[in-house]
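Everything below concerns the one structure shown next.
All heavy atoms count here, side chains included; hydrogens, waters and symmetry mates do not.
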Amino acid sequence: MGLEIVIERWQGLDGKTDFRWSVWHEGKRIQMGGAFGEAAACEAEAQQFCLTAFGRPSDRVTRL
């Protein structure tokens, strides 16, 4: 399965949209990140986590 980033889109009752990331490894969530106003910034931080923690980028990015 490898290293996967999941980007989730959250819509608040006030209409605000946030993007949040989580990193999964071998089917287990190992880290979660904060809210971002845009998906690209969210993914960039998640990739930076992968580089710092594992020394490589993720194998896959899934956007929900």
Side-chain angles (χ1 to χ4, degrees):
M1 182 158 183
L3 193 57
E4 179 180 11
I5 293 172
V6 176
I7 306 291
E8 294 184 62
R9 182 176 183 240
W10 292 77
Q11 182 97 25
L13 294 175
D14 62 357
K16 183 181 174 189
T17 298
D18 287 324
F19 297 90
R20 298 177 184 265
W21 62 266
S22 57
V23 173
W24 296 72
H25 185 254
E26 302 299 326
K28 294 180 183 178
R29 185 176 62 204
I30 57 170
Q31 185 72 9
M32 295 179 68
F36 289 84
E38 55 185 58
C42 184
E43 183 177 334
E45 182 176 276
Q47 289 288 7
Q48 185 59 51
F49 171 80
C50 291
L51 290 170
T52 301
F54 295 97
R56 65 184 181 93
S58 69
D59 299 310
R60 185 168 76 177
V61 176
T62 301
R63 294 179 186 244
L64 303 177

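Donor-acceptor pairing under 3.5 Å is recorded for the side chains of Gln11 and Thr17.
Residues Val61 and Ile30 fall within the same hydrophobic cluster, defined by Ile, Leu, Val, Met, Phe, Trp and Tyr side chains chained together at heavy-atom separations under 4.5 Å. Hydrophobic clustering, with ILVMFWY side chains joined whenever heavy atoms are under 4.5 angstrom apart, groups Phe54 together with Ile7. Neither Met32 nor Phe49 shares a network with the other; the hydrophobic side chains, linked directly or stepwise wherever heavy atoms of I, L, V, M, F, W or Y lie under 4.5 Å apart, form separate groups for each. Residues Leu64 and Trp24 are members of one and the same hydrophobic cluster, defined by side-chain heavy-atom contacts under 4.5 angstrom among Ile, Leu, Val, Met, Phe, Trp and Tyr.
Looking at every heavy atom in both residues, Glu45 comes nearest to Gly34 through OE2-N, 4.3 Å. The nearest pair of heavy atoms linking Phe19 to Glu38 is CD1-C, 3.6 Å.
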Passes side chain to side chain donor-acceptor pair (under 3.5 Å), Ser22 versus Glu8? Steps please.
CA-CA 8 Å; Ser22 57; Glu8 294 184 62; 4.6 Å; no
Could you please spell out the steps behind the side-chain contact (heavy atoms from CB on, under 4.5 Å) verdict for Glu43 and Phe36?
CA-CA 9 Å; Glu43 183 177 334; Phe36 289 84; over 6 Å; no
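Ile5 contributes atom CD1, which lies 11.5 Å from atom CD of Gln31 (distance to the nearest 0.5 angstrom).
Using a distance-only test at 3.5 Å, with no hydrogens or angles considered, no donor-acceptor pair links the side chain of Asp59 to the main chain of Glu4. At least one donor-acceptor pair under 3.5 Å links the side chain of Gln47 to the backbone N or O of Ser58.
In this structure, Arg9 places its CZ atom where only 12 or fewer heavy-atom neighbours from other residues, nucleotides or ligands lie under 6.0 Å away.
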